[in-house]
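Within every chain, numbering begins at 1; the chains are lettered A, B, ... in the order of the sequence lines, protein sequences first and strands thereafter. None of the values given here were measured: they were computed from a predicted structure.
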Amino acid sequence: MLKDTACRIFSVLFNQYIREDTNLNFLEFDNPFQILIMTILSAQTTDRTVNSVKGRLFEAYPDPSSMADADISKIEEIIRPTGFYRAKSKNIRGASEMLVREYEGIVPDSMEELVKLPGVGRKTANIVLNHAYGIDAGIAVDTHVKRVSFRLGMTDNTSPDKIERDLTSLFPKEAWGKINFLLISHGRSVCDAKKPACDKCCIKELCRYYRENNSPDKE
DNA sequence: CTCCCGATAT
DNA sequence: ATATCAGGAG
């Protein structure tokens with residue numbers, strides 16, 4: 001895809017969705033530790049589900065040291081609705097232990113250090129860096145970013161690492177955090193996985209998927 | 001590649 | 001019943 005096309009898509013999506021971050025369907029957090037834990041919990045689960053366990057979880061374990069001393073089974077009970085609760089419990093306690101032992105209880109602000117934490121990959125690290133510290137180290141490629149960017153034709157790859165490379169070279173660094181938010185917003189509201197609502201799409205004229213599936217000579 | 005694992009929409 | 005949801009580890 002041409003950078004000019006990418007820029008136009010960004011512009012249209014920005015005007016469409018920029019007001020929507022007052023909308024409730026995103027992770028809630030009050031500090032770097034919370035966004036780290038909430039993002040680990042968000043794997044394969046909706047943000048709403050993760051938000052629903054936030055109160056109990058941080059009331060019981062408000063900081064890395066209390067979480068590091070937590071009883072695994074108690075964490076499991078609290079976060080069960082988010083799915084993968086055994087692995088996630090182990091990960092968030094393990095990450096908390098590492099924060100206490102190696103980072104003085106402070107969530108690190110570099111990709112290199114963040115991905116050393118159990119349960120933290122590039123996607124989660126990118127979210128933490130951007131949300132907690134305002135750092136654009138890369139672009140978080142989740143299931144929405146993956147699907148929407150592929151359909152639009154911003155990438156021909158399917159692996160998150162390659163998609164991130166394609167997207168970061170397509171957009172200026174200042175836009176990285178925004179394009180993540182915009183692709184997710186669009187993926188949720190219009191370009192959903194099962195049946196994308198191309199008729200309601202504000203960027204269909206710029207979309208590869210639309211061209212290939214709604215072209216005049218289809219069928 | 002498989003496994004982890006519950007909630008929700010269709 | 002099945003697919004999918006702000007993935008990561010083995």
Side-chain angles (χ1 to χ4, degrees), chain A residues 13 17 20-29 32 34-54 56-57 72-73 75-99 107-108 111-133 135-152 154-155 157-164 167-168 176-197:
Chain A
L13 289 179
Y17 296 110
E20 222 172 90
D21 61 355
T22 53
N23 223 320
L24 264 33
N25 275 331
F26 285 87
L27 292 181
E28 299 165 1
F29 62 98
Q34 286 192 4
I35 187 63
L36 171 66
I37 301 302
M38 294 288 278
T39 308
I40 293 174
L41 291 180
S42 74
Q44 295 299 110
T45 315
T46 60
D47 285 356
R48 198 180 47 174
T49 303
V50 180
N51 286 338
S52 74
V53 308
K54 177 188 181 237
R56 285 185 64 199
L57 184 62
I72 288 283
S73 61
I75 301 178
E76 288 179 352
E77 180 206 326
I78 297 174
I79 70 167
R80 178 160 295 137
T82 69
F84 299 158
Y85 62 90
R86 281 197 291 265
K88 286 176 181 176
S89 296
K90 201 143 62 76
N91 285 337
I92 64 180
R93 200 183 75 166
S96 298
E97 288 171 353
M98 195 176 293
L99 288 180
V107 177
M111 173 65 69
E112 191 186 350
E113 300 301 320
L114 280 170
V115 295
K116 291 179 183 172
L117 300 169
V120 178
R122 283 193 66 88
K123 182 263 172 181
T124 299
N126 273 320
I127 294 293
V128 171
L129 288 170
N130 190 50
H131 286 64
Y133 298 119
I135 297 171
D136 289 305
I139 295 177
V141 178
D142 57 50
T143 182
H144 291 303
V145 172
K146 176 177 176 177
R147 180 182 69 253
V148 177
S149 63
F150 186 85
R151 281 182 179 160
L152 283 168
M154 290 174 172
T155 181
N157 290 298
T158 54
S159 88
D161 285 4
K162 290 180 181 175
I163 293 173
E164 183 177 357
L167 293 180
T168 50
W176 289 357
K178 294 289 186 190
I179 194 64
N180 168 266
F181 165 78
L182 295 174
L183 291 176
I184 291 167
S185 297
H186 193 60
R188 284 179 178 172
S189 58
V190 176
C191 195
D192 61 271
K194 299 177 83 169
K195 193 176 173 298

Within the 4.0 Å heavy-atom criterion, would you say [X] contacts the bases, only the backbone, or no part of the nucleic acid?
| X | value |
| --- | --- |
| A/T39 | nothing |
| A/T49 | nothing |
| A/F84 | base |
| A/I40 | nothing |
| A/V145 | nothing |

Next on the checklist: Give me the distance, rounded to whole Å, that separates C/dT2 from B/dC5 when you measure between the C1' atoms they each carry.
Outcome noted: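 Nearest-Å result for C/dT2 against B/dC5 at atom C1': 16 Å.
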Next on the checklist: Say we look at C/dA1 and B/dC4: how far apart would their P atoms be, to the nearest angstrom?
Outcome noted: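 Those two atoms are separated by 23 Å.
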Which whole-number value in Å describes the distance from [X] [atom1] to [N] [atom2]?
| X | N | atom1 | atom2 | result |
| --- | --- | --- | --- | --- |
| A/D161 | C/dG7 | CG | C1' | 12 Å |
| A/N91 | C/dA9 | CG | P | 7 Å |
| A/L41 | C/dG8 | CG | C1' | 13 Å |
| A/E164 | C/dG8 | CD | C1' | 15 Å |

Next on the checklist: Go nucleotide by nucleotide along DNA chain C from the 5' end; which of A/K90 and A/A87 gets its closest nucleotide reached first?
Outcome noted: A/A87
Any donor-acceptor N/O pair, [X] side chain to [Y] backbone, under 3.5 Å:
| X | Y | value |
| --- | --- | --- |
| A/H186 | A/L182 | no |
| A/S149 | A/V145 | yes |
| A/D192 | A/R188 | no |

Item to check | Closest non-hydrogen atom pair, A/Y133 against A/P108 | outcome: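 In terms of heavy atoms, the two residues are closest at CE1-O, 3.5 Å.
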Could you check whether [X] pairs with [Y] (Lys NZ or Arg NE/NH1/NH2 to Asp/Glu carboxylate O, under 4.0 Å)?
| X | Y | result |
| --- | --- | --- |
| A/E164 | A/R122 | yes |
| A/D161 | A/K123 | no |
| A/E77 | A/R56 | yes |

Checklist outcome for this item: DNA chain B: first to last nucleotide in contact with chain A (atom under 4.0 angstrom from a heavy atom), 5' to 3', is B/dC4 to B/dT8
Next on the checklist: Please verify the inter-ring angle class for A/F26 with A/F181; under 30° counts as parallel, over 60° as perpendicular, anything in between as tilted.
Outcome noted: tilted
Item to check | Heavy-atom check, side chain of A/T124 versus side chain of A/L117, under 4.5 Å | outcome: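 Contact flag for A/T124/A/L117 side chains = no.
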Restricting both atoms to N or O, compile the protein contacts to nucleotides 2-5 of chain C shorter than 3.5 Å, with distance only.
from  : atom 1 : to     : atom 2 : distance (Å)
C/dC5 : OP1    : A/R147 : NH1    : 2.7
C/dC5 : OP2    : A/T143 : OG1    : 3.2
C/dC5 : O2     : A/Q44  : O      : 3.3
C/dC5 : N3     : A/Q44  : O      : 3.3

